[in-house]
**Student:** 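Structure incoming, see below.
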Protein chains: 2
Amino acid sequence: MVVSFPVMFPSPSVAMPDDAGAQGAATRMRDVAQRAGVSPMTVSRALRDPSKVSPAVLRLVEEAVRAVGYVPNRLAGGLSSMRTNVVGMVVPSLDNSLYSPTIQGVSAVLHAAGYQLMIGECGHSPQGEEALVAAFLAQRVAGLMLHGVHHTEAAAAMLRRAGIPVVETGSLSAKPLDMVVSYSNEAAAQAMTLHLHRLGYRRIACVTLPSAGNERSRDRQRGYRAALASVGLEADPALLMEMPPGLASGAEAVVRLLQSPAPPDAVFFAGDVLAAGALFECQRRGWAVPTRVALAAFDDIDILRHVVPPVSTLRLPRAEIGRRGAEVLLDRIEGRAAGTVAVDLGFEIVQRGST
Amino acid sequence: MVVSFPVMFPSPSVAMPDDAGAQGAATRMRDVAQRAGVSPMTVSRALRDPSKVSPAVLRLVEEAVRAVGYVPNRLAGGLSSMRTNVVGMVVPSLDNSLYSPTIQGVSAVLHAAGYQLMIGECGHSPQGEEALVAAFLAQRVAGLMLHGVHHTEAAAAMLRRAGIPVVETGSLSAKPLDMVVSYSNEAAAQAMTLHLHRLGYRRIACVTLPSAGNERSRDRQRGYRAALASVGLEADPALLMEMPPGLASGAEAVVRLLQSPAPPDAVFFAGDVLAAGALFECQRRGWAVPTRVALAAFDDIDILRHVVPPVSTLRLPRAEIGRRGAEVLLDRIEGRAAGTVAVDLGFEIVQRGST
DNA sequence: TTGTATGCGTTATCAT
DNA sequence: ATGATAACGCATACAA
């Protein structure tokens, strides 16, 4: 049942008070300079490096800035200095809370260093990424964070020509554009599969997101297969599924697997919130977890710790990837480091009641 | 149990190939013009409004652009034209998935219109917001989206002087800075409380986030109290709690309420994921929902639909707020509309098994 | 420590 | 339809 309370009242157009306040006329450095009785150059110095002007002048300038309500123009500053304090970030999706911790980590580090974050959503498409890269380069961003590791040739060429530092965070890429900060999707999937085997499960299914155009899904499938091979288990194709993201997909997957002729005794959901969806479905159907089927997940999202039973999962350093990524990016932007870097931040297995 | 696989290998510094590719030298409009055999002004026109140049010249320019790998410089363009295609957005938090739909809505609309999104996290602090507003104004953003509705005097003054359009989305503010697109927190809380009363519950508790410095929490408490008053129920202070965000808080709240001398028969969790945390705690303790206690939530987050039993909640137009907010902002930026506007997007009550 | 001249890459404006 | 010229507001490089 849905009860609606839609209300909409575009108010009568009330004009902005064009006369009230000092609206409009943006004050320039010159205005501050005149008021302080110094040259614009002195104002520029006072604002960017107070130690380069005399204390007396500094006070005058600060006062003038406040008096006229001066807000510097970074377009002009950036154009003149050929540097900006803006970093661009491209994420596959913004409605997916999976990327939130990484974005948050990036934002925190940038903010502390006085940089601004420009963000764009490319929808898992290399073409979308290319468009955003072009837009960000047009803004003359000082550096770029990319989640995807599969880029169009044009995007790669633009980035090469631009010569700005780039950090990729989606996975440990074989041939990175520049720098990489991530974890190994393959190693993580392999580790969880082996963990399930160590716990005694022998028919281990794996559900990933669609692998078409998704390197990470393929990496995880590879890790799953490698683990099975290493313990001498045969990889039954019926036990490897691909599903779109979402709780509903997880529910559907577990039903299909358990109602198949040879059901698994454990299911490793290697992506998104599939595992949570599967668990809720098991609750609805009264399928005991982990006795009838064990469930494992791929990401330490909050709910997995709180559901009944709590779900075993991999803990990936999502926020740390954002922080470290931003740090190495800033190191390069500010000339504290040269050359490329690859950082593997590893992962953890969190064993809980679902396995 | 936690099994760690930390691995880190900063690779040996591999210098960027400074000679490879056309690295470094950013091409300017002049280079394109020379190559195409026209003036820079013609290139500018061709790029921004192809209909203003002859088809033959357009082809020449497009070819030259591709040949030299030209990426326009929006710093210069913005400086010259006094306009940018960047919109700033200030959100209280980036790790909280609650704001994701709104951000996503804003991003989608801006992107479709050729605008870029600059985002900043103010941590629920008006001072943090002020700093971000200053930073965004320095970038000469074309418009601004703010979630908070409580601003510092300095921030308000800066915005007034800047004269750019501003949209507030946090709640329907009594005296908005400029434009507002939101829903009524008070009306929503009131509606859900009345809904619980209609279902027959008579001791209705309410748990909100801390109200200190949080207008929205206070609005919701006000709505809860108004509802009780309107049906002649007395507001027992022991039934109104404030808890920090998080699943754990919801769990703690429901335990404290149900173990109190006069426990409620329904609990309305008016914020964050408190309700989900409470439900999981009830599952752990074997407290039947809704017979022992009914649970209601304040936001239609995905898990509430999938848990057992699914949780009744309010459906707030979070994504729509982002989209409509960006639309009215763009209308003003691009001069399609003048004057301020207030839009109440309403809400819905979603009745499910938990009540 | 402070000031002067010049240029950053683009667009507005006016001219042709 | 196209071009010449002059800003836009600031920072670099040098001079005082």
**Student:** Nearest-Å distance, CG (D49(B)) to P (dT11(C))?
**Tutor:**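 In whole Å, dT11(C) P lies 12 Å from D49(B) CG.
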**Student:** Is a donor-acceptor pair below 3.5 Å formed from side chain S81(B) to base dT11(C), judging by atom type as modelled?
**Tutor:**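 No, no donor-acceptor pair under 3.5 Å.
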**Student:** Q139(A) CD to dT10(C) C1': how many Å, rounded?
**Tutor:**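 Computing the Q139(A):CD to dT10(C):C1' distance gives 14 Å.
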**Student:** Between atom NZ in K52(A) and atom P in dC14(D), what is the gap in whole Å?
**Tutor:**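 Distance, rounded to whole Å: 14 Å.
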**Student:** For dG7(C), does the base pair up with any side-chain atom of S80(A) as donor and acceptor (N or O, under 3.5 Å, distance only)?
**Tutor:**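 Checked by distance alone, the answer is yes.
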**Student:** Closest approach to the side chain of V53(B), judged atom by atom: which nucleotide of dA7(D), dT4(C), dT2(D) is it?
**Tutor:**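 Closest nucleotide among those given: dT2(D).
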**Student:** Counting side-chain heavy atoms from C-beta on, which of dC10(D), dG3(D), dG9(D) comes nearest to Y70(A)?
**Tutor:**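 The closest nucleotide is dC10(D).
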**Student:** Could you tell me the separation between the CZ atom of R28(B) and the P atom of dT11(C), rounded to a whole number of Å?
**Tutor:**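 Nearest whole value for this atom pair: 15 Å.
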**Student:** Check whether the side chain of R45(A) and the base of dG3(C) form a donor-acceptor pair under 3.5 Å.
**Tutor:**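 Flag set: donor-acceptor pair detected.
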**Student:** Under 4.0 angstrom, heavy atoms only, what part of the nucleic acid is R140(A) near: base, sugar-phosphate, or nothing?
**Tutor:**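 The residue R140(A) makes no contact with any strand.
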**Student:** Any salt bridge linking E334(B) with R83(B)? Criterion: basic side-chain nitrogen under 4.0 Å from a carboxylate oxygen.
**Tutor:**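 No salt bridge links E334(B) with R83(B).
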**Student:** What integer distance in Å separates R30(B):CZ from dC8(C):C1'?
**Tutor:**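 The answer, rounded to whole Å, is 11 Å.
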**Student:** Rounded to whole Å, please give me the gap between CE in M29(A) and C1' in dC8(C).
**Tutor:**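 Going from CE in M29(A) over to C1' in dC8(C) covers 15 Å.
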**Student:** Picking from dT11(C), dC10(D), dT2(C), which would you name as closest to the side chain of R48(B)?
**Tutor:**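 Looking only at heavy atoms from C-beta outward on R48(B), the closest nucleotide is dT11(C).
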**Student:** Can you tell me which nucleotide in dT2(D), dG9(D), dG9(C) comes closest to the side chain of A76(B)?
**Tutor:**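 So the nucleotide nearest the side chain must be dG9(C).
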**Student:** Is the distance from OP1 or OP2 of dT12(D) to the nearest side-chain N or O of R83(A) less than 4.0 Å?
**Tutor:**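 Yes, within the criterion.
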**Student:** Which of these nucleotides, dC8(D), dT2(C), dG3(D), is closest to any side-chain atom of M82(B)?
**Tutor:**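 Shortest atom-to-atom distance from the side chain points to dC8(D).
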**Student:** Under 4.0 Å, counting only non-hydrogen atoms across every strand here, what does M41(B) touch: a base, just sugar-phosphate, or nothing?
**Tutor:**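 The residue M41(B) makes base contact.
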**Student:** Taking the minimum atom-to-atom distance to the side chain of L79(A), which one of dG3(C), dG9(D), dT2(C) wins?
**Tutor:**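 Nearest to the side-chain atoms of L79(A), counting from C-beta on, is dG9(D).
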**Student:** Can you name the closest pair of heavy atoms from M29(B) and Y70(B) and give their distance?
**Tutor:**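 That closest heavy-atom pairing would be N-CE1, 3.5 Å.
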**Student:** Given D31(B), which partner from the list Q34(B), R35(B), R28(B) fulfils the side-chain hydrogen bond (donor to acceptor under 3.5 Å, both in side chains) test?
**Tutor:**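 Among Q34(B), R35(B), R28(B), the one meeting side-chain hydrogen bond (donor to acceptor under 3.5 Å, both in side chains) with D31(B) is R28(B).
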